[in-house]
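Counting starts at 1 for both ligands and their atoms, following the listed order.
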Amino acid sequence: MNSKIISIGSYIPSNTVTNKDLEKTVDTTDEWIVSRTGIKQRPIADSSQATSDLAFEAAMTAIERAKIEKNDIDLIIVGTCTPDVATPNVGTLIQKRLGLSNFPAFSIEAACSGFIYALNIADKFIKTGESKCALVVGAETLSRITNWDDRNTCILFADGAGAAILKPTDDKGIIFSELGANGEYADLLHVPYGTSRKPEKSSKDDYFLRMSGNEVFKVAVKTLEEIAIDALKKSNIQSKDVDWFIPHQANVRIIQAVAKRLELPEEKVILSMDIHGNTSAASIPLAFDRAVQDGRIKKGDTILMQSFGAGFTWGSVLLEL
Ligand code: UT7
C-alpha cells in the first residue's frame, strides 16, 4: 500500500511587505535582496491571525479540492516552528475548528523541514493501514519570531500555510521519502530562548531568530545536493525523468546550485520565494500549490521535493502525483 497526495491547498495573508517597504526601516536595497535571495515581497499575518488560522484556511481549501467529507480525515500532522501556544498543538487546534475528534492530531518541530517530516510520517501511517485519509499541513507565522531591525533576517522570513490530503493508493504515489538531521549545527540558525529556556536578564531580541546566513548557505547547498542525488539513486529514477523540482524556498542561489548539480533545466524548478519569501514549513506546499493552480504541475507528474532548515533538519520526498 502506498500513499498519494490527492489535493493541495494554501493560504497567504493579504498583507504584503515589499523590499521597498524594508528599505525604509533597515539598511538594505531592493536590488540587494532580489539578487542575493530572489525575494521581492513577503506575506505577513495581521495581529489577529495565529498559525492555526492560516493552517485552517489552507486545510479547508485542500479538503474542498479533494472532494472528501471532513469526517473522512483520521490523522492531522502539522509542521510548524511557530505554534499558536505551547499547548495545545496546532494539529488539535485545526481538528477542533474542523469539528473533528478521536484520532491523532499533532505537530512536528522540524523548522523548514516540517512539511517534509509530516509527509514522511503520514506516509508511514497510511502504509501501515493506521490512516485512510491524512491531512498534512506546513504553517508558520515567522513574522512573530523575526527581529524587524535585523537586516540579516527580516528580509527573508514570511507567513503562510499549505496543506495536502493523502490517501492510500495502488498507484505509485510517494515513491521515496527520507529524513535527516544533525544537531551539531543548532547554533547557526536558532531562537536562543523561548518556552522553557529563559535568559537570566530578558531582552526582546532573545526570542527572535538568529542566523549565520553564510555558514547555513554552504551546508545547505552541500546537504541538498547529496540528498537529491541519493533520493534519485535509491528510487532508481534519473533526473531527466523528474518533471518538477520543488525545493524549500530559502534562497534562489541555493536552489540554482542544486538544480545545476542535478542537471535539471530551470523550467522544471518551481520557485515561489519571489512572492512568498521564506515561510519555513509552509514554503514547499505554497510553491506546490502555486504551480498546480497555474497549470504547470499535473496529475501523473513525477515530483522531487526537498527541505533544509534549522536543527539542522532535512528531508526529501519523490512522488508521482
Ligand atoms: O530556511 C532555512 C535555511 N536558511 C537558508 O538556507 C539561508 C541561507 N543563507 C542565505 O540565504 C544567505 O546567506 C543570506 C541571504 C542570508 C545572506 O546572503 P549572503 O550572500 O550570504 O550575504 P552575506 O551574509 O555574506 O553578506 C554579504 C554582504 C555583507 O557586507 P560586506 O561585509 O561584504 O560589506 C553584509 O553586511 O552583504 C551585507 N548584507 C546586506 N546588505 C544589504 C547582509 N544583509 C544585507 C541586507 N542588505 N539585507
Asp27 bridged to Arg151 by N-O distance under 4.0 Å: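 The answer is yes: the pair qualifies as a salt bridge.
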
Salt bridge Lys268-Asp243, side-chain N to carboxylate O under 4.0 Å: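 Asp243 and Lys268: not salt-bridged.
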
Residue among Gln249, His248, His276 satisfying side-chain hydrogen bond (donor to acceptor under 3.5 Å, both in side chains) with Ser283: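 Between Ser283 and the candidates, side-chain hydrogen bond (donor to acceptor under 3.5 Å, both in side chains) is satisfied uniquely by His248.
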
Criterion side-chain hydrogen bond (donor to acceptor under 3.5 Å, both in side chains) against Glu140, the qualifying member of Thr80, Thr51, Thr279: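 One option only clears the test, and that one is Thr80.
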
Whether Phe125 and Phe106 hold their rings parallel, tilted or perpendicular, with breakpoints at 30° and 60°: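 Rings of Phe125 and Phe106: tilted, as their planes differ by 30° to 60°.
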
Whether over 12 other heavy atoms sit under 6.0 Å from Lys172 NZ: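 Counting other residues, nucleotides and ligands, NZ of Lys172 stays at 12 neighbours or fewer.
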
Among all protein non-hydrogen atoms, which one is nearest to [atom], and what is the separation to 0.1 Å?
| atom | answer |
| --- | --- |
| atom 36 (O) of ligand 1 | Arg151 NH2, 2.9 Å |
| atom 18 (O) of ligand 1 | Arg253 NH2, 3.6 Å |
| atom 17 (C) of ligand 1 | Trp32 CH2, 3.9 Å |
| atom 14 (C) of ligand 1 | Asn251 ND2, 4.4 Å |

Protein heavy atom under 4.0 Å of atom 1 (O) of ligand 1: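 Neighbour list for atom 1 (O) of ligand 1 includes protein heavy atoms (cut-off 4.0 Å).
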
Atom 32 (O) of ligand 1 touched by protein (heavy atom, under 4.0 Å):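 Within 4.0 Å: no protein heavy atom nearby.
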
Proximity to ligand 1 by part of [X], non-hydrogen separation under 4.0 Å:
| X | result |
| --- | --- |
| Thr28 | both |
| Leu189 | side chain |
| Phe217 | both |
| Val26 | neither |
| Ile155 | side chain |

Closest to atom 7 (C) of ligand 1 (judged by heavy-atom distance), picking from Met211, Gln249, Met273: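 Minimum heavy-atom distance to atom 7 (C) of ligand 1 goes to Met211.
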
Within-4.5 Å side-chain heavy-atom neighbours: Trp32 and Thr29: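 Yes. Closest side-chain heavy atoms under 4.5 Å.
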
